[in-house]
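So you know, we letter chains A, B, ... as the sequences are listed, proteins then strands, and number each from 1.
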Amino acid sequence: MAHIIDRRLNGKNKSAVNRERFLRRFKAQIKEAVSKAIKGRSITDIDSGEKVSIPVKDVSEPVFHHGKGGVTENVHPGNEEFIKGDRFNRPQGGAGGGGGKASQDGEGEDDFAFELSREEFMNVFFEDLALPNLVKTQLMGIEEMKSVRAGYTSDGTPTNISIVRSLRGALARRVALSAPTLSELNEVEEDLDTLLESDEEHDIEVREKRKRIHMLRERLASIPFIDPFDLRYNNRVRQPKPTSQAVMFCIMDVSGSMDEAKKDMAKRFFILLYLFLQRNYEKIEVVFIRHHTSAVEVNEHDFFHSRESGGTVVSSALNLMKEIVYKRYNSSEWNIYVAQASDGDNWDSDSANCAQILSESLLPLCQYYAYVEITESEPQNLWYEYLKVKERCKHFAMQRIHSTADIYPVFREIFKRQPATRA
Amino acid sequence: MTPISTGSEWTFDLLDEYERAIREIAVKEYGLDVYPVQLEVISAEQMMDAYSSVGMPVNYHHWSFGKHFVSTEKSYKRGHMGLAYEIVINSNPCIAYLMEENSMTMQALVIAHAAFGHNSFFKGNYLFRTWTDASAIVDYLVFAKSYIARCEERYGIDAVEELLDSCHALMNYGVDRYKRPQKLSLAKEQARQEEREQYLQMQVNDLWRTIPRPAKSGGEHEPVRFPSEPQENLLYFIEKSAPLLEPWQREIVRIVRKVAQYFYPQRQTQVMNEGWATFWHYTIMNRLFAKGLVTDGAMMEFLQSHTNVVYQPPVTARWYNGINPYALGFAMYQDIKRICEEPTEEDRLWFPDIAGSNWQQTLDFAMKNFKDESFVSQYLSPKLIRDFRFFSIRDDDRDSTLLVSAIHDDEGYRDVRQKLSEQYNLGSREPNIQVWSVNVRGDRGLTLRHTMHRRRPLEAGSAHEVLKHVARLWGFDVRLESVNEAGDVEQTFEVKHLPEQLSLQSA
């Protein structure tokens, strides 16, 4: 009588559009939440969803309703002690006897909280960085897959039919199915021969045998040459492409002039490089080196959160990095990437020194070296020295940035190089 | 008889068998009149989808549905909330969703509750018969969805979204409460849509024609009042008379209004509708058990969830959140049945016409001809008032204390009953706001009037927000006056129409 329909196979994402509309509408709030989240997150942990909350009053949909005041009369269940005419004080804050009112009148301080999926989170993050779409998909993409032969299946598209396998199967089936019939046929034929050779009259029996032989032959003929059942298809499975390991050095100037905002920008820059590496390498290690007049290797928290003051000697960090590379990351096994962020300050006579260390000992070891200068003032001598390095080395990129949107150009080079490294 | 099934797993064959057995009881034995049933098995995710589009199988896109989805998803994933067992759509055929996670017993419960309980209510109750057309709603929503999608393409998502926001704010004021509506029909709707667009625009243009008339108007002292009478249906008034709306915008206002109209009966029959469905799943499951078609175990499972559904926490409980419509409705139908079958002296006094009558006919009559408000005032018996220990509290802001105005005793029964009925009266639950006048000759400002009920004021923050939406739709300044019972204006809100909002027009 009733129709019973299985809808489970219908798409479950009917609400995807509405969800997207929702995110679209509260973009500003979500963006803010995301940038807050980025501050709070480790750069190696950027690649997951995020809980976001926006003030309830922003998402509320207003309708006319009654406010406090006037006369209200409500019926409640569960009277325990009252009789008509009793009077009592208004319960405070709607707790207890008032019932039901708290939710209506209270504006509700709570935030409207929900979770962004990884993809949504990344989208917002990338939007800030003004990444082109192609790059976004490259960064967000999961591991590169390649398809590998994996035997045969009984199911597939016609283009994948394996002829040899299918025919081999068909042959085996034909042999197996016809064997009993064939042996019986042989027997009956022999019987017929003996009957014909003997002198006695066996007309009826002979006719019987002939009929039988005819039938068996027909049965043999009805075994199909090839059956859908025999078809075999080449099977291919997708396997993640083997990738190798990389180490990423984050070098940052933490002298007094690097304030929170600059560090935040630097962090985004590091995140971006990390994401890029993550897509290309199975195993990534991150080394944090911070420096003022002397450099020290620290953990991520200290890297971003502690403040130092004093002068700046960039070469100290470069020397430390060189040491670490020789000690721990033998460059034949590791792909080395370096991201350096600074506000451009350096002790004057040190800059030339830096350029020398870079071009002589570090750059030959690295896959890529990116330098960002987060400043609004005139470039200082470190910048000019680095410019010279840039002319000589192709895998050295540098950029001055004022806002997060400026970070991307640094990476343009690196993404351009993509097809080459892929091939 | 042997039970239909013993395990908790369901299969499509079992669903079919249960449905037959339930249909046998509901239709043959108890004579429920139902639309054809369409059971759809869905997954939990799909249930969340259905939730967030207010239960409709198709609906237009809007961020607010996304918001519902997001919050449902969150609380479901964290385990704060189980999903409802069922969603049922007032359509012909009546679509009831079954969630795949449910056990066989729960599926049977849902079939009885939704596919027969709610279904027969949709088909029988006068409000649903008057205000909704079950055979047209799905088609109409398909039309609405594609129309709105086309508008989004032509005029941009933002323009449509703003408009929908504004309409949603007035959704509760999109129904003629007293005039009977015309039925929806997709065919008519589409055929007339274009014609209507042009015609309407013409009319509006006419209304606002600014070319001065020749000096015929000698008697200009008597300003023409517009609208000639106050209008309760704000959305309708805007659709027909807002001066600056484009034809497509009028059509969208109309769509929201029609959807509001479709849900109008549901808001007024919560107790009756849920109570009816609960009464029938309870009756049907017991009958199945009596016939030996379900096992003891299944019955225990059923009773446990049934008990949860009809639990009414007392006012003193921390989780008390008003009267549970399932509990009250179920109790009332059970009570009516009891009055029919085993009336006491008191019942004979209070309900002389139904005491001792045929319970099926009495229930059928009650289901068909009432809404929550009148149902309570007609059928709430003293016994139930005692059972629930109902009492009423009067909160007068001029008094420093609250007053217990009536309790479950002889002198209080009628009082409690009348007050509870009033509590379900949509007219007093929601502020009464009507279109009062339009300044046709001057600034074209629109004045709304809130007639205060028992001195209850509007909540100012939200009223101001809603007025902004009205101003956006109207295109000129909007005022709202709260008028007390003596006819004096107590509170006024005013929203100036900002020129930027003109971006609404032909984006």
Output yes when A/K68 and B/D397 qualify as a salt bridge under the 4.0 Å nitrogen-oxygen rule, no when they do not.
no
Answer with side chain, backbone, both or neither: which region of B/I385 has an atom nearer than 4.5 Å to a non-hydrogen atom of chain A?
neither
So for B/Q423, is it side chain, backbone, both, or neither that comes closer than 4.5 Å to the heavy atoms of chain A?
side chain
Might you work through the ring pair (Phe, Tyr, Trp, His ring centres under 6.0 Å) test for A/F64 and B/Y173, ending with a clear yes or no?
CA-CA 9 Å; A/F64 286 124; B/Y173 295 87; 5.7 Å; yes
Which distance, rounded to the nearest 0.5 Å, do you find between the CG of B/N432 and the NE2 of A/H66?
8.5 Å
Check ion pair B/D49-A/R19 (N to O, under 4.0 angstrom):
no
Please rank B/A463, B/S405, B/P36 by heavy-atom pairs under 4.5 Å with chain A and give me the top one.
B/S405
What part of B/N59 gets within 4.5 angstrom of chain A, counting heavy atoms only: side chain, backbone, both, or neither?
neither
At a heavy-atom distance under 4.5 Å, which candidate from A/V63, A/N18, A/D6 has the highest pair count against chain B?
A/N18
Distance-minimising heavy-atom pair for B/I323 and A/V75:
CD1-O, 3.7 Å
Check A/R25 with B/E161, please: is the shortest side-chain N to carboxylate O separation under 4.0 Å?
yes
Nearest heavy-atom neighbours spanning B/I393 and A/H76:
CD1-CD2, 4.0 Å
